[in-house]
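Here the structure is laid out as structure tokens; the discussion comes afterwards.
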Amino acid sequence: MALARAKRLPPLHLSLNVPTRPAVQEPPSRQQANPPLAGPQSASTPLARSSQFRLADFDRLAVLGRGNGGTVYKVRHRETCALYALKVLHQGDAAATEADILGRTASPFVVRCHSVLPAGSGDVALLLELADGGSLDAVRRRRGAFAEAALAEVAAQALSGLAYLHARRIVHLDVKPANLLATAAGEVKVADFGIARVLSRAGDLCTSYVGTAAYMSPERFDPDAHGGHYDPCGADVWSLGVTVLELLMGRYPLLPAGQQPNWAALMCAICFGEPPALPDGAASPELRSFIAACLQKDYRRRASVAELLAHPFVAERDVLASRRSLQQLVAEV
């Protein structure tokens with residue numbers, strides 16, 4: 001049965017080794033740690049700023065990452081010497097979707113897009129803020145498991161980003177350490193909207209099963225059991241829970257150490273397995289409760305983003321200590 005279902009589903013990204021991605025923005029203050037789901041911010045949208053830049057104004061300094069959708073470069077603006085990330089997307093629906101979504105957003109918890117530029121041959125280039133810390137996946141590979149205080153800050157800021165997106169009917173559908181960017185100032189931003197969706201109405205269900213299989217929720221792996229659709233906001237919460245657990249353990253958590261993440265193994269682990277038992281002292285009761293609230297297999301029992309922002313692991317953290325802990329992890333050895 002598993003093999004038959006695998007043939008019906010579109011190809012999934014099974015690799016856990018995803019190139020790092022960029023970001024950078026002013027950090028939220030202590031009072032803004034859990035912002036309300038407000039309306040659009042005062043900053044203009046990227047599309048309104050597009051005319052300020054031309055592709056010829058930038059020198060490419062290095063390749064930051066490559067993927068199926070395109071390439072990310074570190075670039076420098078010749079006139080101002082300011083550094084940015086330039087994401088060149090190949091022509092297609094995914095490029096148009098990502099450009100459209102980033103054109104709708106202006107949040108300190110979402111990677112900022114300064115401009116959308118034509119790149120020739122139908123390609124599109126997104127001029128993004130540059131994250132000096134790279135992705136959380138890169139930080140984990142460089143520094144190992146995260147301290148719990150740093151994890152609380154990661155969870156708080158990632159949830160704030162998801163709250164902002166979900167309030168605007170944008171669902172990410174590919175939350176994972178490689179798509180959360182960090183800065184040396186201790187900021188975390190949601191990035192890479194290549195498979196994101198804009199819902200017609202709040203509360204709409206989703207039918208897209210494209211994504212990174214290792215971070216998919218059970219209902220995305222087993223569509224037939226859920227009427228062929230799922231709650232995409234709940235799917236983002238599951239992915240964040242796997243991400244937090246991975247950063248805590250220092251490796252992908254739902255398979256035994258060293259096991260290759262093939263489709264069948266991931267389906268069994270995600271749909272039928274249980275999260276790994278953490279040793280005594282490995283996590284506080286608050287962190288254990290937070291992870292359990294994210295990783296409910298029944299999406300109807302899974303916590304919402306708003307509930308997780310109010311969870312003691314996030315809401316009762318020492319914001320300054322958590323930020324310092326994250327800064328120490330992101331800093332180069």
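Sequential numbering from 1 along the given sequence is applied to the chain's residues.
The backbone N or O of Gly186 lies less than 3.5 Å from no partner atom in the side chain of Glu153, so there is not a single donor-acceptor pair. Side chain of Ser239 to backbone of Lys176: no donor-acceptor contact under 3.5 angstrom is found. Side-chain atoms of Tyr164 come within 3.5 Å of backbone atoms of Ala106 as a donor-acceptor pair (strictly under, hydrogens ignored). Within the 3.5 Å criterion, the main-chain N or O of Ile195 finds a donor-acceptor partner in the side chain of Arg197. Of the possible donor and acceptor atoms, one in the side chain of Ser107 sits under 3.5 Å from a partner among the backbone N and O of Phe109. Checked by atom type and distance alone, the side chain of Trp238 pairs as donor or acceptor with a backbone atom of Met216 at under 3.5 Å. No donor-acceptor pair under 3.5 Å is formed between the side chain of Ser322 and the backbone N or O of Ala150. Between the side chain of Arg140 and the main chain of Met249, no donor-acceptor pair closer than 3.5 Å is present. Side-chain N or O atoms of Arg323 include none that pairs as donor or acceptor with a backbone N or O of Glu187 at under 3.5 Å. Between the side chain of Ser325 and the backbone N or O of Ala321, no donor-acceptor pair lies under 3.5 Å.
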Applying side-chain contact (heavy atoms from CB on, under 4.5 Å), run through Val190 and Leu180 and close with a yes or a no. CA-CA 5 Å; Val190 183; Leu180 296 176; 4.0 Å; yes
Determine, stepwise, if the pair Val116 / Leu126 fulfils side-chain contact (heavy atoms from CB on, under 4.5 Å). CA-CA 5 Å; Val116 180; Leu126 306 180; 3.9 Å; yes
Steps toward side-chain contact (heavy atoms from CB on, under 4.5 Å) verdict (Val110, Lys189): CA-CA 5 Å; Val110 177; Lys189 298 165 186 290; 5.9 Å; no
Given Leu128 and Val72, is the side-chain contact (heavy atoms from CB on, under 4.5 Å) satisfied, shown in steps? CA-CA 10 Å; Leu128 308 171; Val72 183; 5.8 Å; no
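In this structure, Tyr252 and Leu266 have side chains that are in contact, with non-hydrogen atoms separated by less than 4.5 Å. Cys113 has its side chain out of reach of Thr105: every pair of non-hydrogen atoms, C-beta onward, lies at least 4.5 Å apart. Residues Glu98 and Val124 fail the side-chain proximity criterion, which asks for heavy atoms closer than 4.5 Å. The closest side-chain heavy-atom distance from Glu219 to Asp231 is not below 4.5 Å. For the pair Arg66/Thr71, a side-chain contact is recorded, criterion being any heavy-atom separation below 4.5 Å from C-beta on. No side-chain heavy atom of Asp57 sits less than 4.5 Å from a side-chain heavy atom of Glu79. Counting heavy atoms from C-beta on, the side chains of Leu130 and Leu64 come closer than 4.5 Å.
The two atoms that bring Val171 and Cys233 nearest to each other are CG1-SG, 3.9 Å, heavy atoms only. Between Ala265 and Gln259, the shortest heavy-atom contact is CB-NE2, 3.3 Å. Pairing each heavy atom of Leu278 with each of Ala283, the nearest pair is CD1-CB, 4.0 Å. Minimum heavy-atom separation, Arg251 to Pro256: NH1-C, 4.0 Å. Heavy atoms only, all atoms of each residue included: Arg220 and Ala235 are closest at CD-CB, 3.8 Å. Scanning both residues, Leu199 and Pro232, for their nearest heavy atoms gives CD1-CG, 4.0 Å.
For Arg288, the CZ atom sits in a packed shell: over 12 heavy atoms of surrounding residues, nucleotides or ligands are nearer than 6.0 Å.
Here the CG atom belonging to Leu136 is positioned 8.5 Å from the OG1 atom belonging to Thr243, to the nearest 0.5 angstrom. The distance from atom CG of Asn179 to atom CG of Leu173, rounded to the nearest 0.5 Å, is 11.5 Å. Atom-to-atom distance recorded for Phe221:CZ and Lys297:NZ is 11.0 Å, nearest 0.5 angstrom. The distance from the CG atom of Leu159 to the CG atom of Leu240 is 5.0 Å, given to the nearest 0.5 Å. Expressed to the nearest 0.5 Å, how far CZ of Phe58 lies from CG of Leu83 amounts to 10.5 Å. Rounding to the nearest 0.5 Å gives a distance of 7.0 Å between CG of Leu295 and CG of Leu254.
Aromatic ring orientation, Phe313 versus Phe290: tilted (interplanar angle from 30° to 60°).
In terms of hydrophobic clustering, with Ile, Leu, Val, Met, Phe, Trp and Tyr side chains grouped at heavy-atom distances under 4.5 Å, Val242 and Tyr299 are assigned to different clusters.
A side-chain contact (heavy atoms from CB on, under 4.5 Å) with Val154 holds for exactly one of Val314, Leu326, Leu329; it is Leu326.
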